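Below is one structure; the comments refer to it alone.
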Amino acid sequence: MGNLILCHDRHAAHPYEISRIHCRIFTIEELCYYLCNNLYLIDYTIMNEPLCTWLEEEIGMKELAEQLRDLMRMRGSVENFVLTILKASKIYKESEMIRIQNVLEHLKNQKDVERKKYKGDNLLESGEIEEAIIVYQEILNQEKDESVDEKFYGKIYACLGAAYGRLFLYQEAAKMYDRAYQICEDKELLKPYLYASYKYMSLEEFHILLTKHSEYQEVNAQMRSQMDEVKQNLQIEPNEVLLEKWKRKHRRNHT
């Protein structure tokens, strides 16, 4: 049986508007929902007197409003500002608060574009593949951030390649891995590129691809060697298991 979460009964007569996304908020739950779903994009603009006034006058959380004002007077961090609100709401369990705190700590000194990539990486890792693809595509469709290394964008293409691969969209995956390799020039990216290409190309097309670059042939040979080694281990392991079972049975029969 799941845990019950007691919601606050105060509903604001006048909403607080998050100007950044033109979103109107009427309850502390809605505010917390916004904060938790936008941890990767939160910046100093969330720390302001109008929010404190709204919490005090519309939601009746005077003590929280004073704590937030103290944080602003002491030039506290955005991270502490957000955590103070979430803790005061008493909506989240301790384990969830620890996770949120860890995310905020990781994002503390990152640029906006790096925060977005981190969001995409987390979505991909948690299996929310389509959502991760949308985040990565948004990064690539925006104007380039010159403050990050060019290879940063190569990694975005590699992440997209991984996402498409998990959806079995091998042609799209191959395109992304190829683009990533062109930018990063990392030979490790050739392995997933060639694998994805092999999965969607005909054998003739794949052999033609291999003849275009000597590096492709070298990497393909390495991959075949690794696959042969894996197959060999799969064939050997069951026999070893059976032998061990036979030994144990033999010992029991003679004791």
Side-chain angles (χ1 to χ4, degrees), residues 1-12 14-72 75-139 142 156 159 163:
M1 186 174 179
N3 293 327
L4 293 175
I5 296 176
L6 293 177
C7 295
H8 300 260
D9 58 2
R10 190 71 175 261
H11 191 281
H14 303 94
Y16 177 76
E17 183 167 343
I18 307 289
S19 56
R20 183 170 186 173
I21 59 171
H22 304 292
C23 174
R24 297 197 302 169
I25 290 171
F26 288 88
T27 65
I28 185 66
E29 287 84 9
E30 289 177 355
L31 176 62
C32 292
Y33 180 84
Y34 164 77
L35 293 173
C36 287
N37 283 274
N38 292 277
L39 290 175
Y40 308 94
L41 303 177
I42 288 172
D43 59 20
Y44 68 92
T45 59
I46 196 66
M47 298 177 68
N48 59 73
E49 176 57 32
L51 177 58
C52 297
T53 302
W54 179 80
L55 285 166
E56 181 178 357
E57 297 180 358
E58 297 289 336
I59 304 300
M61 302 183 75
K62 183 176 180 180
E63 185 178 344
L64 171 59
E66 286 304 317
Q67 289 177 351
L68 297 177
R69 289 185 179 111
D70 287 341
L71 270 172
M72 289 192 294
R75 299 182 181 276
S77 68
V78 176
E79 292 75 25
N80 281 337
F81 191 90
V82 170
L83 288 171
T84 300
I85 294 174
L86 298 180
K87 286 176 182 176
S89 74
K90 297 180 181 179
I91 295 172
Y92 302 97
K93 293 185 289 187
E94 185 179 354
S95 59
E96 184 65 10
M97 287 300 302
I98 291 172
R99 185 195 70 79
I100 293 169
Q101 189 168 357
N102 289 338
V103 171
L104 288 170
E105 187 62 30
H106 181 91
L107 297 170
K108 194 172 183 179
N109 298 312
Q110 288 193 337
K111 302 177 179 67
D112 280 351
V113 69
E114 292 173 324
R115 289 178 173 224
K116 288 180 182 178
K117 180 183 181 298
Y118 185 67
K119 178 181 181 179
D121 294 345
N122 276 269
L123 288 169
L124 183 59
E125 187 177 340
S126 64
E128 298 175 77
I129 303 171
E130 290 86 353
E131 290 81 357
I133 289 172
I134 291 171
V135 173
Y136 293 138
Q137 287 177 336
E138 283 178 354
I139 296 173
Q142 290 175 349
I156 299 293
C159 290

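These figures come from a predicted structure and were not determined experimentally.
- Here CG of Asn109 is found 9.5 Å from NZ of Lys111. Values are rounded to the nearest 0.5 Å.
- A donor-acceptor pair is defined here as one N or O able to donate and one able to accept, closer than 3.5 Å; no such pair exists between the side chain of Glu30 and the backbone of Ile25.
- Taking every heavy atom of both residues into account, Leu35 and Ile42 meet most closely at O-CD1, 3.4 Å.
- Arg99 has its side chain within reach of Val103: a pair of non-hydrogen atoms, C-beta onward, lies under 4.5 Å apart.
- Interatomic distance, CD of Glu105 versus CD1 of Ile100, reported as 14.0 Å (0.5 Å rounding).
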Worked check of salt bridge (charged side-chain N to carboxylate O under 4.0 Å, His left out) between Arg69 and Glu56 = CA-CA 11 Å; Arg69 289 185 179 111; Glu56 181 178 357; 2.9 Å; yes
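- Residue Leu31 holds its CG atom at 8.0 Å from CG of Leu86, rounded to the nearest 0.5 Å.
- The minimum heavy-atom distance linking Arg115 with Glu79 is given by the pair NH2-OE2, 4.2 Å.
- Enclosure of atom CD in Glu63 is not indicated, since only 12 or fewer non-hydrogen atoms of other residues, nucleotides or ligands lie within 6.0 angstrom.
- Residues Asn48 and Phe81 come closest through the heavy atom pair N-CZ, 4.4 Å.
- For the residue pair Ile28 and Ser89, the shortest heavy atom distance occurs at CG1-CB, 4.0 Å.
- Residues Leu51 and Ile85 form a side-chain contact, since some pair of their non-hydrogen atoms from C-beta on lies under 4.5 Å apart.
- Taking every heavy atom of both residues into account, Met72 and Cys52 meet most closely at CE-SG, 3.6 Å.
- A distance of 7.0 Å separates OG of Ser77 from CE of Met47, quoted to the nearest 0.5 Å.
- Checked against salt bridge (charged side-chain N to carboxylate O under 4.0 Å, His left out), Lys117 has the following partners two or more places apart in sequence or in another chain: Asp121.
- Under the side-chain hydrogen bond (donor to acceptor under 3.5 Å, both in side chains) criterion, Glu128 pairs with Ser126, not counting sequence neighbours.
- Closest heavy-atom contact between Tyr92 and Tyr33: OH-N, 4.0 Å.
- Atoms CE and CD1, from Met97 and Ile91 in turn, are 10.5 Å apart once rounded to the nearest 0.5 Å.
- Between Tyr16 and Trp54, the ring-plane angle classifies as tilted under the 30° and 60° cut-offs.
- Not one N or O on the side chain of Tyr40 forms a donor-acceptor pair closer than 3.5 Å with the backbone of Tyr118.
- Rounded to the nearest 0.5 Å, atoms CG (Leu39) and CG (Leu107) are 7.5 Å apart.
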Test log, rule side-chain contact (heavy atoms from CB on, under 4.5 Å), inputs Ile46 and Ile18 | CA-CA 8 Å; Ile46 196 66; Ile18 307 289; 4.2 Å; yes
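- Applying the salt bridge (charged side-chain N to carboxylate O under 4.0 Å, His left out) rule to Glu131 yields no partners; only residues at least two apart in sequence or on another chain are considered.
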